[in-house]
Amino acid sequence: MGVSKTELFTEQQNEIAVLAKALAHPARIAILQHLISARQCITGNLVDVIGLAQPTISQHLKELKASGLIKGSVEGNSVCYCIDPQRWEAVQNILGQLFSDYNSEHSCCS
């Protein structure tokens, strides 16, 4: 497998790629939607909500946490997950800028 050569790209391009990877699985979208709608810290009930095995949920949480979209804190034997509000706002700005850079009035394709 080839080297990705991320150093060839800007920090913003690499950051968008990390975010896109984190958002690229429907289970992760479902987890984010659940965290958003719950408006509180979520512990172990994601298995019942999402319908996947705990190890699978844990792997998806790991990816979301690595991207900074969620944060977790250890409370005894359980981990509490929630949306990271500062990162969420930054992500909205980053993706918003990407989408707003496009001007459909100057499209070269028909």
Side-chain angles (χ1 to χ4, degrees):
M1 188 175 292
V3 178
S4 64
K5 297 188 179 187
T6 57
E7 70 276 358
L8 296 175
F9 305 100
T10 67
E11 184 178 329
Q12 184 183 37
Q13 290 166 335
N14 281 299
E15 187 172 13
I16 290 171
V18 167
L19 293 169
K21 180 182 176 191
L23 296 171
H25 195 287
R28 294 184 201 135
I29 299 300
I31 290 168
L32 289 171
Q33 288 174 326
H34 181 68
L35 292 174
I36 290 166
S37 68
R39 298 180 189 256
Q40 65 181 3
C41 191
I42 300 297
T43 54
N45 66 347
L46 286 173
V47 172
D48 296 332
V49 172
I50 307 299
L52 298 173
Q54 183 58 53
T56 305
I57 295 283
S58 294
Q59 189 61 38
H60 289 304
L61 288 168
K62 180 180 174 184
E63 286 286 336
L64 290 169
K65 192 170 180 188
S67 72
L69 291 170
I70 65 171
K71 58 184 179 177
S73 61
V74 178
E75 298 174 3
N77 290 335
S78 66
V79 179
C80 181
Y81 289 99
C82 62
I83 298 292
D84 183 329
Q86 289 83 21
R87 178 68 172 152
W88 197 260
E89 186 175 333
V91 168
Q92 286 177 314
N93 292 332
I94 291 164
L95 294 178
Q97 182 63 48
L98 173 67
F99 288 109
S100 69
D101 284 344
Y102 175 73
N103 182 345
S104 63
E105 293 175 10
H106 300 5
S107 178
C108 63
C109 300
S110 304

Chemist: Do any N or O atoms from the side chain of Ser37 and from the backbone of Gln33 form a donor-acceptor pair under 3.5 angstrom?
Modeler: yes
Chemist: If every non-hydrogen atom of Ala53 is compared with every non-hydrogen atom of Val47, which pair is closest and at what distance?
Modeler: C-CG2, 4.4 Å
Chemist: With sequence neighbours left out, which residue pairs that include part of residues 13-31 fulfil the side chain to side chain donor-acceptor pair (under 3.5 Å) condition?
Modeler: Thr10-Gln13, Glu15-Arg87, Arg28-His60
Chemist: Between the side chains of Ser67 and Glu63, is a donor N or O closer than 3.5 angstrom to an acceptor N or O?
Modeler: no
Chemist: Run the numbers on Val49 and Ile31 for side-chain contact (heavy atoms from CB on, under 4.5 Å), then give the verdict.
Modeler: CA-CA 9 Å; Val49 172; Ile31 290 168; over 6 Å; no
Chemist: Please determine whether residues Leu64 and Val18 belong to a single hydrophobic cluster, defined as Ile, Leu, Val, Met, Phe, Trp and Tyr linked transitively by side-chain heavy-atom distances below 4.5 Å.
Modeler: no
Chemist: If you measure from SG on Cys80 to CD1 on Ile42, what distance do you get to the nearest 0.5 Å?
Modeler: 7.5 Å
Chemist: How long is the span from the CD1 atom in Ile94 to the CD1 atom in Ile16, to the nearest 0.5 Å?
Modeler: 7.0 Å
Chemist: Got Leu23 and Leu32 here, is their nearest side-chain heavy-atom distance under 4.5 Å?
Modeler: yes
Chemist: Using the side-chain contact (heavy atoms from CB on, under 4.5 Å) definition, which of the options Asp84, Leu19, Leu35 pairs with Leu69?
Modeler: Leu19
Chemist: With a 4.5 Å cut-off on side-chain heavy-atom distances among I, L, V, M, F, W and Y, is there a chain of contacts connecting Val91 to Phe9?
Modeler: no
Chemist: Side-chain contact test, heavy atoms from C-beta onward, threshold under 4.5 Å: evaluate it for Leu61 versus Leu46 and give yes or no.
Modeler: yes
Chemist: Roughly how far, to the nearest 0.5 Å, is the CH2 atom of Trp88 from the CD1 atom of Ile36?
Modeler: 4.0 Å
Chemist: Can you confirm whether the side chains of Glu89 and Asn93 place a donor and an acceptor under 3.5 Å from each other?
Modeler: no
